[in-house]
Enquirer: 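Have a look at the structure that comes next, please.
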Amino acid sequence: EVQLVESGGGLVQPGRSLKLSCLASGFTFSNYGMNWIRQAPGKGLEWVASISSSSSYIYYADTVKGRLTISRDNAKNTLYLQMTSLRSEDTALYYCVRQGYRDWFAYWGQGTLVTVSS
Amino acid sequence: DIVLTQSPTLAVSLEQRGTISCKTSQNVDNYGISFMHWYQQKPGQQPKLLIYEGSNLASGIPARFSGSGSGTDFTLTIDPVEADDIATYYCHQSRDYPRTFGGGTKLKLK
C-alpha cells in the first residue's frame, strides 16, 4: 500500500524558514517523480513544485521560485520542501504527491499545515 | 500558463446524471494523448485520483465515473450520482509546466 506521510508543518512568523518532509513507503521511491501541492484554507489546489526520480529535473511555480526548494533523498525514501522568506500567502495545507506514469497525481498524503503569521 | 475553467457548483438529484466541464486555454493533447486528469476531494480529506489521461478510470474507482473530451474541452460524468459522491471535483493538466488545476466544481444535491 502506498503511504506518504508529511511532517514539519506549524506556525511560523513571516520571513522565517521551515522544512517539510514526506516519508514514502509501499513503492520504490527512487522510480517516481514527486510533487508538493498546497491548498490554502477554503481554496482550491495549487501545484508548488516537482522533482524527477533522480532529481535531474526540478520545476517550480512562479509564486514560490527562489524561496521554496524541493529535494529528495532516495536512500531515505524522503521528499523535502525547504521554505524560506515565508509570507502570509504561503499559509496552506501542503500535500506530498506521487506522480503517475505521465505525470498525473496518483497518490496524495494527508498533508501538513503551514501557518505563516506574526 | 494553461488556464483551466470549471463552473463553481453543480446541483444534481440522486440517481441522476451529473456532468462537470473543464475548458482549457490551450490544447492539452499531444501524441494522441489527453494530458487531462480529474480528482475528487471530500471535506477534510486529501484529493483522490478519479480519471487520468482524459478517460482512463483510476484503480478502485466505480464505473459510474467516466471522463471524455479532447483538445480544450473535457467532461467528467457521474451516472448515477450517489450520496457518497458529494464532493469537490478538480481537473488538472500535465501537458505543460506550470501544472495547473481548475478552480473546482462543488457537487451539491438538488
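Lettering of chains follows the sequences in order, A, B, ..., and the numbering in each one begins at 1. Atom set for the values below is all heavy atoms of this structure, side chains included, hydrogens, waters and symmetry mates excluded.
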Enquirer: Verify the cluster assignment for A:Ile51 and A:Leu4: are they in a single hydrophobic cluster under the rule of side-chain heavy atoms below 4.5 Å apart?
Expert: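 Result: yes, single cluster for both.
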Enquirer: Mind checking the OG1-CG spacing from B:Thr88 to A:Leu45? Nearest 0.5 Å is all I need.
Expert: 9.5 Å
Enquirer: Between B:Ser94 and A:Arg102, what is the shortest heavy-atom contact and its length?
Expert: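 The answer is OG-O, 3.3 Å.
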Enquirer: Going hydrophobic residue to hydrophobic residue with side-chain gaps under 4.5 angstrom, can you get from B:Leu109 over to B:Phe65?
Expert: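 B:Leu109 and B:Phe65: one cluster.
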Enquirer: Determine whether more than 12 heavy atoms belonging to other residues, nucleotides or ligands lie under 6.0 Å from atom NZ of B:Lys108.
Expert: no
Enquirer: How would you list, by chain and number, every residue that makes a side-chain hydrogen bond (donor to acceptor under 3.5 Å, both in side chains) with B:Asp85, sequence neighbours excluded?
Expert: B:Arg64
Enquirer: If you group Ile, Leu, Val, Met, Phe, Trp and Tyr by side-chain heavy-atom gaps below 4.5 Å, do B:Met36 and B:Phe101 land in one group?
Expert: no
Enquirer: Can you find a side-chain donor-acceptor pair between A:Gln39 and B:Gln41 that sits under 3.5 Å?
Expert: yes
Enquirer: For A:Ile37, is it the side chain, the backbone, both, or neither that has a heavy atom closer than 4.5 Å to a heavy atom of chain B?
Expert: side chain
Enquirer: Side chains of A:Trp108 and B:Lys48: closer than 4.5 Å at any heavy-atom pair?
Expert: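 Answer no - side chains too far apart.
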Enquirer: What is the minimum heavy-atom distance between A:Gly44 and B:Tyr90, and which atoms define it?
Expert: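 Shortest heavy-atom separation between A:Gly44 and B:Tyr90 comes out as CA-OH, 3.5 Å.
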Enquirer: Enumerate, atom names and distances included, each donor-acceptor pair closer than 3.5 Å involving a side-chain atom of residues 56-64 of chain A, sequence neighbours excluded.
Expert:
residue	atom	partner	partner atom	Å
A:Ser56	OG	A:Ser54	OG	2.9
A:Tyr60	OH	A:Ile70	N	3.0
A:Asp62	OD1	A:Lys65	NZ	3.1
A:Thr63	OG1	A:Glu46	OE2	3.1

Enquirer: When only pairs under 4.5 Å are counted, which of A:Ala49, A:Gly109, A:Gly111 shares the most heavy-atom pairs with chain B?
Expert: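 Among A:Ala49, A:Gly109, A:Gly111, the one with the most close pairs to chain B is A:Gly109.
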Enquirer: When heavy-atom pairs shorter than 4.5 Å are enumerated against chain A, which of B:Tyr97, B:Tyr39, B:Tyr52, B:Phe35 gives the highest number?
Expert: B:Tyr97
Enquirer: Contact between B:Arg99 and A:Asp103 at the side-chain level, heavy atoms closer than 4.5 Å - yes or no?
Expert: yes
Enquirer: Do A:Val2 and A:Phe29 belong to the same hydrophobic cluster, where Ile, Leu, Val, Met, Phe, Trp and Tyr are linked whenever their side-chain heavy atoms lie under 4.5 Å apart, directly or via other members?
Expert: yes
Enquirer: Nearest heavy-atom pair of A:Trp104 and B:Glu53: which atoms, and what distance?
Expert: CZ3-OE2, 3.3 Å
Enquirer: If two hydrophobic side chains count as joined below 4.5 Å and joins carry through other members, does A:Tyr95 share a cluster with A:Leu113?
Expert: yes
Enquirer: Between B:His37 and A:Phe105, is the ring centroid distance below 6.0 Å?
Expert: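 B:His37 vs A:Phe105: aromatic centres not under 6.0 Å.
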Enquirer: Answer yes or no: is there a side-chain heavy-atom contact under 4.5 Å between B:Leu49 and A:Tyr107?
Expert: no
